[in-house]
Amino acid sequence: MKKSLNIVLGVSGGIAAYKVAYILRLLTEAGHNVQVVPTQASLNFVGSATWEALSGNPVNAQVWDDVAEVPHVRIGQAADLVIVAPATADLISRAASGAANDLLTNVLLTATCPIVYAPAMHTEMWLNPATKENVATLRSRGNLVIEPSDGRLTGDDSGPGRLPDPEEIVSIALGVLSEQDLLGQDIVITAGGTREFLDPVRFLGNSSSGKQGVALAVSARNRGAKVTLICANVSVPLPVGVTIVNVITGDDMLSQVLKSASTADVIVMAAAVADYKPKIKQTSKMKKSADGSVPSIELERTVDILADLVIHRGTSHPDQVIVGFAAETGDDKGSVLEHGIAKLQRKGCDLLVINEVGPNLAFGTDDNEVTILTRDPASQLTIPKTSKTAIAHAIWDTVISLQSHSK
Ligand code: CTP
């Protein structure tokens with residue numbers, strides 16, 4: 001991907017237009033040249049002065065401005081990427097019908113680069129069969145129409161139709177230009193940490209934030225995969241453009257993973273799943289004993305989901321790639337790496353991502369340092385401290401390389 005892109009940011013007439021100033025900021029700060037093309041209606045929400053000041057480029061809404069430069073053709077032809085945010089029901093309808101009745105729709109017709117629409121409208125409009133058909137038409141032409149978020153709309157109402165977060169829109173839109181080397185793959189990722197309840201309010205848990213699992217989901221989505229993200233108590237924002245399944249306990253996670261596993265090409269167990277759970281879950285809150293005695297909690301093993309997936313992969317899905325994570329600390333019995341190698345053999349997965357845990361390491365941080373092991377001892381890959389997104393891409397590169405070798 002080129003470092004500095006020519007991006008057209010189309011803005012149509014919805015109240016969410018004010019959030020698009022932040023999208024523009026994110027794009028220019030990343031070094032891209034952005035040409036904002038507002039519709040006339042959108043100027044009721046955000047005026048040209050804002051777009052000109054933030055983009056550093058002049059802004060026109062009409063085909064009749066600067067005619068000598070033929071902007072209705074030139075802007076679309078010069079673009080590496082077009083993002084329309086917010087895309088209103090009216091704009092989507094005009095784009096689907098091939099109308100060319102303002103500068104933005106002319107740009108959409110002349111652009112030969114990828115076009116990404118981020119719709120925002122009231123739920124009824126989004127769910128209306130007319131809008132659904134228009135969205136399907138745009139998608140059938142290869143345009144990316146992002147699913148709107150579900151949440152508070154302009155008034156008191158809430159539902160699907162909210163503009164996704166600016167960071168998400170930028171990540172998805174730029175992701176379209178990444179190599180689509182996971183296109184067509186069905187990928188299941190677990191993230192976060194499970195909770196095993198002692199009573200209705202207390203649980204045994206762990207401090208996994210889910211950041212690595214979310215980074216895996218976003219990077220796989222951007223590389224073209226269909227992603228299901230099974231989240232156990234994830235404390236970071238969840239991405240759009242992937243199917244989210246929320247779970248709490250290890251048992252919930254087991255049943256959701258097994259549900260998705262039968263069709264998955266790749267399963268990544270990035271979640272920290274409890275190894276033990278209380279044998280008995282009290283139905284009411286445990287009270288302190290009057291005599292000061294301390295209760296003992298009897299634990300039992302949980303199902304090892306990763307090992308279970310390996311056992312049941314069987315003959316129906318021999319090419320399925322199963323990825324495990326290992327949070328390790330070195331001790332007198334061996335180093336972090338030695339424990340990791342033993343775990344890969346014990347669990348029988350295809351790939352194991354080992355990270356050392358401890359204060360400021362792995363859990364909750366933005367960066368990490370990992371070693372990726374496959375069953376080929378010669379292919380050990382150590383990735384020095386870098387972002388969880390960079391680690392996610394390295395994991396996908398290794399998965400793709402394993403898949404190409406097994407063909
Ligand atoms: N895992 C799992 N089901 C469990 C426990 C762990 O699927 N009940 C998965 C995790 O998602 C991770 C891998 O197994 O991908 C390694 O988990 P970890 O807790 O580090 O290893 P353990 O198997 O628990 O081994 P040990 O505690 O002995 O280090």
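Atoms within each ligand, like the ligands themselves, are counted from 1 in listed order.
Looking at Arg346 against ligand 1, only its side chain comes within 4.0 Å, counting heavy atoms. Contacts with ligand 1 closer than 4.0 Å are made by no heavy atom of Ala307, backbone or side chain.
For the residue pair Asn206/Ser208, the side-chain donor-acceptor check at 3.5 Å is not satisfied.
The shortest contact between atom 7 (O) of ligand 1 and any protein heavy atom is with Leu306 N, 2.8 Å. Protein heavy atom at the shortest distance from atom 24 (O) of ligand 1 is Asp275 OD2, 2.6 Å. The shortest contact between atom 29 (O) of ligand 1 and any protein heavy atom is with Lys343 NZ, 2.8 Å. For atom 3 (N) of ligand 1, the nearest protein heavy atom (residue, atom name, distance) is Ile305 N, 3.0 Å. When only non-hydrogen protein atoms are considered, atom 11 (O) of ligand 1 lies nearest to Ala271 O, 2.7 Å.
Between Asp199 and Lys281, no side-chain nitrogen of the basic residue sits less than 4.0 Å from a carboxylate oxygen of the acidic one, so the salt-bridge criterion is not met.
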(message) Between Asp275 and Arg301, is the salt bridge (Lys or Arg N to Asp or Glu O under 4.0 Å) condition met? List the steps.
(response) CA-CA 6 Å; Asp275 292 323; Arg301 290 292 295 262; 5.5 Å; no

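Those atoms of ligand 1 with a heavy atom of Val303 less than 4.0 angstrom away are 3 (N), 4 (C), 8 (N). Atoms of ligand 1 lying under 4.0 Å from at least one heavy atom of Phe325, given by number and element, are 12 (C), 13 (C), 15 (O), 16 (C), 17 (O). Below 4.0 Å from some heavy atom of Thr302 lie the following atoms of ligand 1, by number and element: 8 (N).
Considering each of Met269, Lys347, Glu328, Lys277, the one bringing a non-hydrogen atom nearest atom 22 (P) of ligand 1 is Lys347.
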